[in-house]
Amino acid sequence: MTSFRRRTRILVAAVVGAALAVVAPAGPLDAAGLRNCTELSGHDVDQVGCYELVWVDGVEVGMTFANVQFRGNVPSDHLGVFYVIGPQDDTPQSEEATFVHDHTVGGTPRQNHGAYSVILRTFFVLCSAEGIASGACVPTFSPLPGLGDIPLATTVNGQMLTSVEVIEAAAEAGFVTLLDTGQPIVGTVSGR
């Protein structure tokens, strides 16, 4: 498992720009001059801001990223979470990315009583062996370069994974495994 995590961290750093992707119609974020994260390549990947869609408490919202890699000091006690999950509907948030996935983050500033952080700790939410064997966790097998198909959790006990509480309850029950990528990112919810 340690070797798997090490390889995952290395690969995540390489593919995080492509993974932070979404297919969305022009809207307020486009009008603000931000580009969709899928449009970034080359030098731009780590240098310019972009946006994508994420789930917050069952609602799909826009999230703006300053860049895709955070190089500052990481305050370990105040990190938000950024969960990479299986697609939650027919149009994945990352349809044109390296691998198909959606994203779930914690509450917005008004909803989390002052514990909001723009520095997010990134986790893959994978169906555990127990979750798959019991039928509790339904995976979407998505190809991740260098690792093959990974079982991103799509639903657990019939529930969509569009809120942090559902994901963390599934992890506590042993139906999903939260794989820390070791790669913090900077992002803020920017619109509904």
Side-chain angles (χ1 to χ4, degrees), residues 12 15-41 44-70 79-112 116-127 138-144 150-156 159-168 170 176 178-179 181 183-192:
V12 166
V15 300
V16 76
L20 296 176
V22 63
V23 175
L29 295 170
D30 282 333
L34 286 174
R35 294 184 349 196
N36 183 309
C37 293
T38 12
E39 297 172 0
L40 302 180
S41 63
D44 286 348
V45 169
D46 293 330
Q47 303 299 319
V48 301
C50 62
Y51 74 91
E52 63 184 294
L53 296 179
V54 298
W55 294 102
V56 176
D57 297 327
V59 177
E60 199 169 40
V61 299
M63 183 167 230
T64 303
F65 296 90
N67 57 39
V68 295
Q69 291 189 3
F70 179 71
L79 289 180
V81 292
F82 184 87
Y83 290 124
V84 179
I85 58 175
Q88 298 298 292
D89 58 28
D90 292 337
T91 305
Q93 295 170 340
S94 62
E95 191 169 40
E96 294 183 15
T98 305
F99 66 104
V100 177
H101 63 278
D102 274 11
H103 321 91
T104 299
V105 298
T108 58
R110 288 184 313 241
Q111 297 165 321
N112 74 1
Y116 186 72
S117 175
V118 297
I119 305 171
L120 307 167
R121 189 172 173 185
T122 306
F123 294 89
F124 285 114
V125 181
L126 306 174
C127 285
V138 175
T140 295
F141 288 94
S142 193
L144 188 61
I150 60 171
L152 288 174
T154 303
T155 61
V156 174
Q159 285 190 293
M160 293 176 65
L161 303 178
T162 59
S163 76
V164 166
E165 292 76 19
V166 172
I167 292 169
E168 291 175 354
V176 300
L178 303 178
L179 180 63
T181 66
Q183 180 62 54
I185 57 175
V186 177
T188 184
V189 172
S190 53
R192 292 196 178 269

Self-check item: Candidates I185, T104, I119 - the one meeting side-chain contact (heavy atoms from CB on, under 4.5 Å) with F82
Solution: I185
Quiz item: Could you give the distance from CD (E168) to CZ (F123), rounded to the nearest 0.5 Å?
Solution: 8.5 Å
Practice problem: Ignoring hydrogens and angles, state whether a donor on the side chain of T140 or T154 is under 3.5 Å from an acceptor on the partner side chain. | Solution: yes
Quiz prompt | Value rounded to 0.5 Å, distance of CG in L126 from OG in S142 | solution = 10.5 Å
Self-check item: Close side-chain approach of L178 to R121, heavy-atom, < 4.5 Å
Solution: no
Quiz prompt | Listed partners of V156 passing side-chain contact (heavy atoms from CB on, under 4.5 Å), at least two apart | solution = C137, L161, A170, F175, V176
Quiz item: Could you walk me through whether V54 and V61 pass the side chain to side chain contact (heavy atoms under 4.5 Å, CB included) check?
Solution: CA-CA 6 Å; V54 298; V61 299; 3.7 Å; yes
Quiz item: Roughly how far, to the nearest 0.5 Å, is the CD1 atom of I85 from the OG atom of S94?
Solution: 10.0 Å
Quiz item: What distance do T64 atom OG1 and Y51 atom OH have between them, rounded to the nearest 0.5 Å?
Solution: 10.0 Å
Quiz item: Just how far is it from atom CZ of F141 to atom CD1 of I150, taken to the nearest 0.5 Å?
Solution: 10.0 Å
Self-check item: Residue among D102, T122, V125 satisfying side-chain contact (heavy atoms from CB on, under 4.5 Å) with V84
Solution: T122
Exercise. Mark yes or no for whether Q93, through its side chain, and H103, through its backbone, hold a donor-acceptor pair below 3.5 Å.
Key: yes
Quiz item: Under 3.5 Å, is there a donor-acceptor pair linking the side chains of E60 and Q88?
Solution: no
Quiz prompt | Partner set under side-chain contact (heavy atoms from CB on, under 4.5 Å) for S163, not counting sequence neighbours | solution = D57, E165, V166
Quiz item: Within a strict 4.5 Å, meaning less than it, do heavy atoms of the V105 and Y83 side chains meet?
Solution: no
